[in-house]
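Reckoned from all heavy atoms, side chains included, excluding hydrogens, waters and symmetry mates. Each chain gets a letter, A, B and so on, in the order the sequences are listed, and its residues count up from 1.
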Protein chains: 2
Amino acid sequence: MAAKRSGAQNKQFQQTSVRLQPVQEASREPLLSRERIVATAVELLDAQGIGGLTMRRLADRLGSGVMSLYWHVDNKEDVFDLALDAVLEYRGPPQTIEPQDWRGEVVHMLEDWRASMLRHPWSASLLPRRALGPNILSRLELLSKTLSRAGVADAELNAAIWSLWNYVMGATITRASFDLSDDERATAQLRLTRLSERYPTIERSRLLLDNDWDGAFRKGLDFLLDGLAPRQ
Amino acid sequence: MAAKRSGAQNKQFQQTSVRLQPVQEASREPLLSRERIVATAVELLDAQGIGGLTMRRLADRLGSGVMSLYWHVDNKEDVFDLALDAVLEYRGPPQTIEPQDWRGEVVHMLEDWRASMLRHPWSASLLPRRALGPNILSRLELLSKTLSRAGVADAELNAAIWSLWNYVMGATITRASFDLSDDERATAQLRLTRLSERYPTIERSRLLLDNDWDGAFRKGLDFLLDGLAPRQ
DNA sequence: ACCTGAACACCGTTCAAGT
DNA sequence: ACCTGAACACCGTTCAAGT
């Protein structure tokens with residue numbers, strides 16, 4: 001059983017080229033790296049969806065043998081975790097939001113979170129099934145601090161956070177799935193039309209067809225925030 | 001390519017034993033049936049989770065060859081669709097709810113929906129990714145009718161329905177995932193404790209540990225309903 | 001009408017090496 | 001320190017049959 005790389009090491013070795021190891025003839029970059037693997041995994045997931053990520057395909061794209069991946073990465077689950085976290089980074093609110101505008105800050109972070117997941121539609125349905133990575137924890141920390149500052153009592157904080165989490169995740173997972181399968185959706189509505197006597201109301205309102213997803217998202221979010229921490 | 005069974009046939013053949021086919025020596029029940037396959041698939045999913053359902057394992061449990069399944073079922077996706085729908089049936093509100101109490105009716109249906117999915121934790125994360133089956137469409141139809149009766153305008157009906165859908169799905173998917181991995185959750189909180197300087201607020205509030213999921217669900221739901229159709 | 005086994009083109013991962 | 005191929009124990013599904 002070979003000793004494995006510990007996962008805590010990083011890319012700060014370029015300035016100090018001499019190390020404990022014997023001098024290497026050209027100190028060339030290794031072919032593979034954690035970063036390159038994760039970036040390629042995200043590409044593959046974007047292109048082929050969740051079922052399209054395969055250790056073999058991943059190695060192909062990187063021009064390496066399959067088993068070489070396992071030096072840098074524990075297993076396939078690990079690749080999923082890393083790709084997911086890579087996609088969830090938050091850069092903070094724009095300058096235009098004033099520091100005391102807690103509601104603007106919360107809404108911005110949540111909409112940015114949702115947008116990030118929609119840019120990588122596989123990520124939304126993956127997130128609830130994996131351990132929470134550093135980037136999503138940072139978002140939760142920010143949310144927690146902001147709501148606290150807005151006057152939400154400590155005893156209600158967790159319920160408030162999870163309500164928002166639930167709403168964002170539900171909205172995004174649903175939206176991402178519907179996006180992925182435009183024709184499937186059309187056939188669903190078609191099938192529905194044939195059965196319109198069984199589902200007359202949703203037939204009439206064309207529930208499965210034309211929806212203002214973004215508007216609906218924002219509206220429901222406002223209702224929740226009104227309930228959680230009423231406008232002053 | 002053999003002709004395939006059409007999927008519309010059902011189990012009303014016991015009273016009239018004579019049919020178009022030549023008389024069979026004992027008219028014995030076929031070994032397999034759509035119903036038996038679906039019921040066994042649900043068992044398997046309950047026991048082993050989403051990754052545990054395998055055509056080979058399913059056939060094993062049924063005491064048949066793998067390929068025999070394909071007579072009754074199109075493919076594995078079909079099995080997923082059928083198992084999912086089987087689990088989502090709604091029997092209607094209890095007698096104790098009065099007919100004009102639209103809010104009670106909505107809350108009962110949504111909580112029953114959530115409870116059904118939690119009884120089969122694989123179902124929640126599956127539902128948004130598959131085409132909507134008859135049982136979930138019936139629930140949406142009921143929801144639509146009830147909200148309409150409660151005075152929600154036609155123009156707002158779809159947004160209202162999707163807000164509720166999003167909330168229920170997000171809450172249930174999250175809850176089901178957290179349930180599945182109690183020790184994973186513990187290690188997550190442990191890892192968090194080590195990093196408590198980075199996430200002090202969620203550390204302090206023990207966000208990842210002790211939560212009143214059911215209470216939080218009900219609270220958020222009330223906020224949404226208040227917003228969607230204010231109490232009279 | 002219903003069931004079957006062999007075969008194909010895939011998977012993730014272990015192991016024992018190579019440099 | 002980093003990369004490799006062979007091998008194992010799995011997958012879903014096609015095909016050409018059997019009764």
Side-chain angles (χ1 to χ4, degrees), chain A residues 1-11 13-14 17-37 41 44 48-81 83, chain B residues 1-11 13 17-37 41 44 48-81:
Chain A
M1 201 169 296
K4 282 288 198 73
R5 176 199 140 107
S6 78
Q9 165 219 27
N10 257 322
K11 56 205 159 183
F13 47 63
Q14 254 149 348
S17 62
V18 183
R19 276 296 200 215
L20 301 172
Q21 306 100 345
V23 179
Q24 289 175 307
E25 55 273 48
S27 179
R28 61 178 106 262
E29 295 266 340
L31 219 168
L32 256 32
S33 71
R34 219 156 216 262
E35 290 73 25
R36 233 163 72 72
I37 291 176
L44 201 49
Q48 318 248 28
I50 228 165
L53 179 61
T54 270
M55 296 306 268
R56 285 166 146 98
R57 276 208 272 256
L58 188 51
D60 259 13
R61 277 215 181 201
L62 287 159
S64 79
V66 203
M67 294 316 299
S68 313
L69 301 175
Y70 285 80
W71 176 261
H72 304 268
V73 136
D74 285 348
N75 47 36
K76 195 184 177 183
E77 304 247 296
D78 200 15
V79 178
F80 272 126
D81 283 341
Chain B
M1 203 168 296
K4 282 287 198 73
R5 177 200 139 107
S6 79
Q9 164 219 28
N10 257 323
K11 57 204 158 183
F13 48 61
S17 61
V18 183
R19 277 296 201 216
L20 303 170
Q21 304 101 344
V23 179
Q24 291 174 302
E25 55 273 46
S27 179
R28 60 178 107 263
E29 294 268 339
L31 218 170
L32 257 30
S33 71
R34 219 156 216 260
E35 290 73 26
R36 233 163 72 72
I37 291 176
L44 201 47
Q48 318 248 28
I50 228 166
L53 179 62
T54 271
M55 295 305 269
R56 285 166 145 98
R57 276 208 272 257
L58 188 51
D60 259 15
R61 276 215 183 201
L62 287 159
S64 79
V66 203
M67 294 317 300
S68 313
L69 301 174
Y70 286 80
W71 176 261
H72 304 269
V73 137
D74 286 347
N75 47 36
K76 195 184 176 181
E77 303 248 294
D78 199 16
V79 178
F80 272 126
D81 284 341

In whole angstroms, the gap separating C1' of D:dC3 from CZ of A:Arg36 amounts to 14 Å
Under 3.5 Å, is there a donor-acceptor pair between the side chain of A:Arg61 and the main chain of A:Ala41? no
Ignoring hydrogens, what is the shortest heavy-atom contact between A:Tyr70 and A:Asn75? Give both atom names and the distance. CE2-CA, 4.0 Å
Looking only at heavy atoms, the pair that brings B:Ile37 and B:Leu62 closest together is CG1-CD1, 3.9 Å
What is the minimum heavy-atom distance between B:Leu44 and B:Gly52, and which atoms define it? CG-O, 3.9 Å
Checking A:Thr54 side chain against A:Arg57 main chain: does a donor-acceptor pair fall under 3.5 Å? no
Measure CG/B:Leu31 against P/C:dA1 and give the value in whole Å, please. 18 Å
Measure the spacing between OG of B:Ser68 and CG of B:Leu32 and express it to the nearest 0.5 Å. 6.0 Å
Please state how far atom CG in A:Leu69 lies from atom C1' in D:dC3, giving the value in whole angstrom units. 10 Å
In 5'-to-3' order, the base (B), backbone-only (S) or no-contact (-) status of each nucleotide in nucleotides 6-14 of chain D, using a 4.0 angstrom heavy-atom cut-off, is BB---BBBB
Residue-phosphate contact under 4.0 Å: B:Ser68 side-chain N/O, C:dT4 OP1/OP2: yes
Taking atom P in both D:dC2 and C:dA17, compute the distance separating them and give it to the nearest angstrom. 22 Å
Return the stems involving DNA chain C, sorted by first number, where pairs are Watson-Crick (N1-N3 with N6-O4 or O6-N4) or G-U wobble (N1-O2 and O6-N3), both under 3.5 Å, and runs are 3 or more long. C:4-8 with D:12-16, C:12-16 with D:4-8
Would you measure the distance from the C1' atom in C:dC15 across to the matching atom in D:dC3 and give it in whole Å? 14 Å
Out of curiosity, A:Lys76 NZ to A:Leu58 CG, how far, rounded to the nearest 0.5 Å? 10.0 Å
Starting from C1' on C:dC3, measure out to NE2 on B:His72 and report it in whole angstrom. 8 Å
B:Trp71 side chain near C:dC3 phosphate (N/O to OP1/OP2, under 4.0 Å): no
Note, A:Val79 side chain near A:Met55 side chain (heavy atom, < 4.5 Å): yes
How long is the gap from CZ on B:Arg56 to CG on B:Leu69, to the nearest 0.5 Å? 11.0 Å
Rounding to an integer number of angstrom, what distance separates C:dA9 and D:dC10 when you compare their C1' atoms? 13 Å
